[in-house]
Amino acid sequence: MTFNDHVETLEEIEIRHQDTLCTNESRLVHPWWYNFKYTIVGIVFGIVFVKAEIISWFRIQEMFQLTSFFMYGVIGTAVVVGAISVMLIKKLGLKSIYGEKITFEDKEFNKGNIYGALIFGIGWAIAGACPGPLFAQVGSGFTVVLITIVSAITGTWIYGKFREKLPH
Amino acid sequence: MLELIKQPWHWAVSGTVIGLIVPLLLILGNKKFGISSSFRHICAACFSGDIKFFKYDWKKEVWNLFFVAGIIIGAYIASTFLTDPAAQMQVAPATMEKLQSYGISDFTSLMPADLFNWENLFSLKGLVFFVIGGLLIGFGTRYAGGCTSGHSIMGLANFQKASLIATIFFMIGGFISANLLLPLIFKLVQ
């Protein structure tokens with residue numbers, strides 16, 4: 001039995017790709033438990049978050065007060081490694097482990113990339129975390145950050161509710 | 001080896017591992033790296049109502065929720081088994097001094113314990129640092145079309161102009177917030 005045998009309409013596909021880069025481009029339908037491999041990748045990510053102290057509210061303040069190079073080093077290295085990987089995947093025409101061609105798409109610029117980014121940046125320095133570290137902070141025992149996550153889900157819902165009225 | 005792992009990791013090591021998550025997700029199933037979308041999938045799964053923005057097949061993106069669950073587990077493993085309990089946070093002296101002037105006194109763990117605890121939940125501190133902080137993150141990331149993972153790592157790695165612009169404005173927002181707003185906020189909540 002598969003987890004999801006719903007066939008998406010074109011409109012649903014379009015909505016799914018609205019305002020996000022992070023999407024599933026695989027056309028394959030797998031049993032739900034195939035997704036546990038992403039949990040394993042997430043575990044690695046969570047370990048790095050803690051071991052590199054990226055989840056620290058203090059590291060974020062240092063970054064924005066320009067008193068430490070650390071966060072710039074982490075993000076900069078990640079971008080370079082990611083970019084080389086993406087270039088190699090494109091150049092070699094690599095396929096996924098299921099034999100599907102790995103695809104990339106370009107995202108059009110819209111005004112949300114400025115207004116939304118400013119709003120997120122303000123929240124980033126206050127909460128001392130971007131979305132990934134929020135989850136890692138909870139796992140590290142700072143359980144009160146669950147409230148921040150619930151608030152972030154609420155913020156996303158408010159955006160969805162008023163999306164059509166906002167400048168894009 | 002375990003002793004080595006228990007030390008805080010160098011930025012180049014951490015950045016490399018994070019960067020490698022991009023190709024790993026692509027090779028495992030043509031998935032684009034990102035985190036903030038998880039908030040949207042939760043809305044779509046639980047509170048979609050009649051909002052068009054949440055009317056999509058969230059099950060197609062459920063991998064992202066499995067991924068995020070892994071982050072929670074990984075962080076638990078790292079802080080429980082892979083961290084030297086005696087190790088203290090090293091905060092840059094200039095930042096430490098500034099934060100002390102805001103009234104923060106606990107610099108022992110990853111988060112300032114005087115801010116991030118349940119006792120503060122129903123205070124002005126809780127409202128600002130948890131509720132308003134979270135609302136801005138959730139609203140802002142979706143309006144921006146991604147967060148630090150989606151735009152600043154996945155998007156920049158794929159040379160997207162929109163992601164470069166978003167990243168620049170993430171940083172501008174952060175600089176304004178940390179240097180102009182936080183001093184005022186701390187005056188208000190202390």
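This structure is a prediction, so every number in the text was calculated from the model and none was measured.
Outside the 6.0 Å centre-distance limit, the rings of B:Phe169 and A:Phe120 are not counted as a close aromatic pair. Aromatic rings of B:Trp11 and A:Phe69 (six-membered ring for Trp) have centroids within the 6.0 Å cut-off, being under it.
Side-chain atoms of A:Asn35 and B:Lys31 include no donor-acceptor pair closer than 3.5 Å. Side-chain contact, A:Gln65 with B:Thr95: a donor N or O sits under 3.5 Å from an acceptor N or O. Under 3.5 Å, the side chains of B:Trp118 and A:Thr143 contain a donor-acceptor pair of N or O atoms.
Listed here is the closest heavy atom pair of B:Phe129 and A:Ile126: CD2-O, 3.3 Å.
With a threshold of 4.5 angstrom between heavy atoms, B:Thr80 does not approach chain A through any atom at all. Using a 4.5 Å cut-off between heavy atoms, B:Leu121 touches chain A through its side chain atoms alone. Contacts between B:Lys98 and chain A at a heavy-atom distance below 4.5 Å involve the side chain alone, from C-beta outward. At a 4.5 Å heavy-atom cutoff, the contact between B:Met171 and chain A is made by backbone and side-chain atoms alike. Interface residue B:Phe107: backbone and side-chain heavy atoms are both found under 4.5 Å from chain A. Only the side chain of B:Asn64 comes within less than 4.5 Å of a heavy atom of chain A; its backbone N, CA, C and O stay farther away. For a residue to count as touching a neighbouring chain, one of its non-hydrogen atoms must lie under 4.5 Å from one of that chain's; by this rule B:Val128 touches chain A with backbone and side chain alike.
The backbone N or O of A:Lys107 lies less than 3.5 Å from a partner atom in the side chain of B:Gln160, making a donor-acceptor pair. Side chain of A:Arg16 to main chain of B:Trp58: no donor-acceptor pair is present (N/O by atom type, distance under 3.5 Å, no hydrogens or angles). At least one donor-acceptor pair under 3.5 Å links the side chain of A:Ser56 to the backbone N or O of B:Leu110. A donor-acceptor pair under 3.5 Å links the side-chain atoms of A:Lys51 to the main chain of B:Lys6, judged by distance alone. In this structure, A:Thr148 contributes its side chain and B:Gly134 its backbone to no donor-acceptor pair below 3.5 Å. Judged purely by atom type and a 3.5 angstrom limit, A:Glu62 uses its side chain to pair as donor or acceptor with the backbone of B:Ala92. Between the side chain of A:Thr77 and the main chain of B:Gly15, no donor-acceptor pair closer than 3.5 Å is present. Judged by distance alone, with hydrogens and angles left aside, the side-chain atoms of A:Asn24 form a donor-acceptor pair with the main-chain N or O of B:Lys60 at under 3.5 Å.
Using cut-offs of 30° and 60° on the angle between ring planes, the pair A:Tyr38 and B:Trp63 is perpendicular. By the 30° and 60° cut-offs, the orientation of the rings of A:Phe36 relative to B:Phe66 is perpendicular.
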Working note: B:Phe67 + A:Phe45, criterion side chain to side chain contact (heavy atoms under 4.5 Å, CB included); need CA distance, chi angles, decisive distance, verdict.
CA-CA 9 Å; B:Phe67 178 52; A:Phe45 199 19; 3.6 Å; yes
Hey, mind stepping through B:Phe116 and A:Phe142 against ring-ring contact (aromatic ring centres under 6.0 Å, His included) and telling me if it holds?
CA-CA 7 Å; B:Phe116 290 87; A:Phe142 299 95; 7.5 Å; no
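Ranked by heavy-atom pairs under 4.5 Å with chain A, the first of B:Asn158, B:Leu82, B:Thr167, B:Ile153 is B:Asn158. In terms of heavy-atom pairs under 4.5 angstrom with chain A, the leader among B:Tyr56, B:Phe159, B:Phe47 is B:Tyr56. Per-residue heavy-atom pair counts under 4.5 Å with chain A were compared for B:Met96, B:His41, B:Arg142, and the maximum is reached by B:Arg142. Of the listed residues B:Leu99, B:Ile77, B:Ile42, B:Leu24, the one with more heavy-atom pairs under 4.5 angstrom with chain A than any other is B:Leu99. Among A:Val145, A:Val41, A:Thr154, the residue making the largest number of heavy-atom pairs under 4.5 Å with chain B is A:Val41.
B:Ile35 pairs with exactly one of A:Pro133, A:Cys22, A:Pro131 by the side-chain contact (heavy atoms from CB on, under 4.5 Å) rule, that one being A:Pro131.
Contact of the B:Cys43 side chain with the A:Ile153 side chain is registered, since non-hydrogen atoms from C-beta on lie closer than 4.5 Å.
Rounding to the nearest 0.5 Å gives a distance of 10.0 Å between CZ of A:Arg163 and OH of B:Tyr143. B:Gln90 CD to A:Arg59 CZ: the interatomic distance, rounded to the nearest 0.5 Å, is 8.0 Å.
Geometrically, A:Lys161 does not engage B:Phe54 in a cation-pi contact, judged by NZ or CZ lying under 6.0 Å from the ring centre and within 45° of the ring axis.
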